[in-house]
Amino acid sequence: MSDPVSIVSSLAATAFVAVAGKNADPIVRPSDRADAQINGVLPLAKSLGRNPREVAEELVSKLNLEGTCSKVEIAGPGFINLTFDDGFLLRELQKALTSERLGVGAAEVSRRIVVDYSAPNVAKEMHVGHLRGTVIGDALVRMLQFVGHTVIRENHIGDWGTPFGMLIEHLLDVGETSAADELSLGDLNGFYKAARAKFDADDTFKERARLRVVSLQGGDSETLRLWRILVAESTRYFNTVYQRLGVLLTDDDLAGESKYNDLLPKVVERLRDKGILEESDGAEVVFPPGFLNRDNEPLPMIIRKGDGGYNYATTDLACVLDRIERLQVSLMLYVVGSPQAQHFQMLDAVCRMAGWMGDTDEAVHVAFGSVLGSDRKMLKSRDGDTVKLVELIDEAIDRAAAAVANKNPELSESERANVARMIGIGAIKYADLSTDRIKDYIFDWDRMLAFEGNTAPYLQYAHARICSIFRRAGVDRGALRGGDIAITHPAERALVIRLLQFDTAVGETIERYSPHRLCTYIYDLATDFTAFYENCPVLKAETDELRESRLRLADTTALVINRALGLLGIESPEVM
RNA sequence: GCCCGCGUAGCUCAGUGGAUAGAGCGUCUGCCUCCGGAGCAGAAGGUCGCAAGUUCGAUUCUUGCCGCGGGCGCCA
């Protein structure tokens, strides 16, 4: 904990106990009238039936802020305005600097957590719809790991179900080798569409597909061999996308639906043993209370279809069993689009009815909105198709390369390519991460690649320029660390306070699984650095001491930007 | 019909039970021989969808309504 607001808050809490005789939230918040303000006096006075200003005075007398605040004043009806002591801020900054995580505290309790994200479908193209889930999930994984949790990534790919009948038959028609080539090249849409077209147009093909599904589910070894080709080629393709995108997912994280096949009968069995499985319209279902259908009748979660087959609900239940009983996790994050909200509510309800999840187990639907075009409709390519993720990546890098060539023509070709990659990918990711995930967001190339405003290029540029200060100074950043930092200007002070808020920013981001909070923080930090850089000459500082102090502030800022962007899965170029 | 989410400046978006609601872009007026303009200073622009309620205090919480999007039994 390095945020002065948190530190002062806990000090205030003890004073509140002294005055109130019980725990009371001091409600300490950052303030624009001082560094922080204590808002908890008014509600406390109300509950004590006392005059607020009187209570405020008593509180101030019991508040030991020696060494943390240089000024404490009561204002208005009973607010207490606090001004932090500069020495205190600088001590905290030094502590943060020498800490492992730049002041960010470890989680109070380290948990085992599954993060379920990305989830593309085998033999189907990855498109913009997969972008958000992949990027948000990856950022959450990085942050949770950062604060000390044990994170298990799970990529729940769609590798099972009726479409595989037609896909396998199409594979046979095309020939295994050329089909594999087609898939590994990434022409998944073409493959899927061709299969689909035949399925729709040709009754004998449809029959073959139907029979193939049966033998797939029956475990026919030849069919499984063919199925594995589809899965292997698809996942190989997914991996190339993940690598280009710079996300953590690998084959080790694959947890396709097929993986849970053996568990499905057990799910049914255990629900039946629990006495909550019912028969309805020929299907075996569970009715979690409170869910109604169109006609205001109880809405079931279908465990086993009328034809004896299983569906996604069963698989998801099996997943929960596996995660809780085998992986021993207590928290499951589902980074999945918001349209599936009701499904996850029912899933949670059924797991609790079944007793699989207890009071300490949590399943959180980390829901996110859709990616829209400028017309506010689902983003589509010109021909009305979904936009392929790889094409999006290509275009981002192309556009970034053009911007870099324009901004810094001096860069060598290979440097430019590398920087363009970092900027392009960063821009896409940041655009996705920087707005509240629950809302739909409007995809706009010009905005996300702008060097002004709350964008990745702006933040990356801020980082690169700080690096350039050191190149120009001819100073080794590492060698500088540990030395004195001074506050001689309000802009330096504001920057120090902001640097200390990194802890809170990460904490709030994790608490709400909302990466945009961290984005806002980095942007504020960059803005504060700009004000500092504008007002406080660094290389031309009046004295060597001041120059070094300011270089240290620049260094710290760059470290935090780099680390924070890293937590979002975004790289920080040193030149651009 | 029922349920869920969203509705903040012209546009894209932050934000909060507290004392004058913020940013970027766009618009307008100035400024700077600046460590790479990520420029700087200022102006205009908002009944925080509408209406009640809870509260000392609501844009934030509750309810109703309006608008938009999504979901609502054998797809995932």
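Letters go in sequence order (proteins before strands), and every chain restarts at 1.
Between A:N39 and A:S338, the residue anchored nearer the 5' end of RNA chain B, judged by the nucleotide with its closest heavy atom, is A:N39.
Residue contacts shown for A:H343 are absent, as no nucleic acid heavy atom lies under 4.0 Å away. Residue A:L292 is classed as a sugar-phosphate contact, given heavy-atom separations below 4.0 Å to backbone atoms only. As judged by a 4.0 angstrom heavy-atom cut-off over every strand, A:D281 is placed among the base-contacting residues. Residue contacts shown for A:L539 include a base, since a base heavy atom lies under 4.0 Å away. As judged by a 4.0 angstrom heavy-atom cut-off over every strand, A:R437 is placed among residues making no nucleic acid contact. If you check every strand for non-hydrogen atoms under 4.0 Å, A:A464 touches a base. If you check every strand for non-hydrogen atoms under 4.0 Å, A:P43 touches a base. Using a 4.0 Å heavy-atom cutoff across all strands shown, A:Q37 reaches at least one base atom of the nucleic acid. Residue contacts for A:R465: at a heavy-atom cut-off of 4.0 Å it reaches a base atom on one of the strands shown. When heavy atoms are screened at a 4.0 angstrom cut-off, A:G158 is found touching no nucleic acid atom at all. Within 4.0 Å (heavy atoms only), A:R304 reaches no atom of the nucleic acid at all. Residue A:N454 is out of contact with every strand shown, counting any heavy-atom pair closer than 4.0 Å. Among the protein residues, A:Y523 comes within range of the sugar-phosphate backbone only, with heavy atoms under 4.0 Å from sugar or phosphate atoms but none that close to a base. Within 4.0 Å (heavy atoms only), A:D159 reaches no atom of the nucleic acid at all.
Ring centers of A:H156 and A:Y260: under 6.0 Å apart, within the cut-off. Between A:Y441 and A:F368, the gap from one ring centroid to the other reaches at least 6.0 Å.
Judged by Watson-Crick or G-U wobble contacts below 3.5 Å, the nucleotide B:rG64 has B:rC50 as its partner.
The side chain of A:K305 places an N or O atom within less than 4.0 Å of a non-bridging phosphate oxygen (OP1 or OP2) of B:rC75.
A:H516 places no side-chain N or O within 3.5 Å of a backbone atom of A:D432 that could act as its donor or acceptor partner. Under the 3.5 Å distance criterion, the side-chain polar atoms of A:D281 are left unmatched by any main-chain donor or acceptor of A:A283. Listed for the A:Q460 side chain is no donor-acceptor partner under 3.5 Å among the backbone atoms of A:M576. Of the possible donor and acceptor atoms, one in the side chain of A:R437 sits under 3.5 Å from a partner among the backbone N and O of A:Y513.
Counting atom types as modelled, A:N81 pairs a side-chain N or O with a base atom of B:rA19 as donor and acceptor under 3.5 Å. Judged by distance alone with a 3.5 Å cut-off, a donor-acceptor contact links the side chain of A:Y312 to the base of B:rA76. Side-chain to base pairing of A:S280 with B:rG73: one donor and one acceptor N or O lie within less than 3.5 Å of each other.
As rounded to the nearest Å, B:rG17 and B:rU60 have C1' atoms that lie 7 Å from one another. For the C1' atom pair drawn from B:rU12 and B:rC6, the interatomic distance equals 16 Å after rounding to whole Å. Across the P atoms, B:rG5 and B:rC65 are found 15 Å apart, a figure rounded to whole Å.
For A:R472, counting side-chain heavy atoms from C-beta on, the closest listed nucleotide (B:rG36, B:rC13, B:rG15) is B:rG36. Closest contact between the side chain of A:T530 and the listed nucleotides B:rG17, B:rU8, B:rG39 involves B:rG39.
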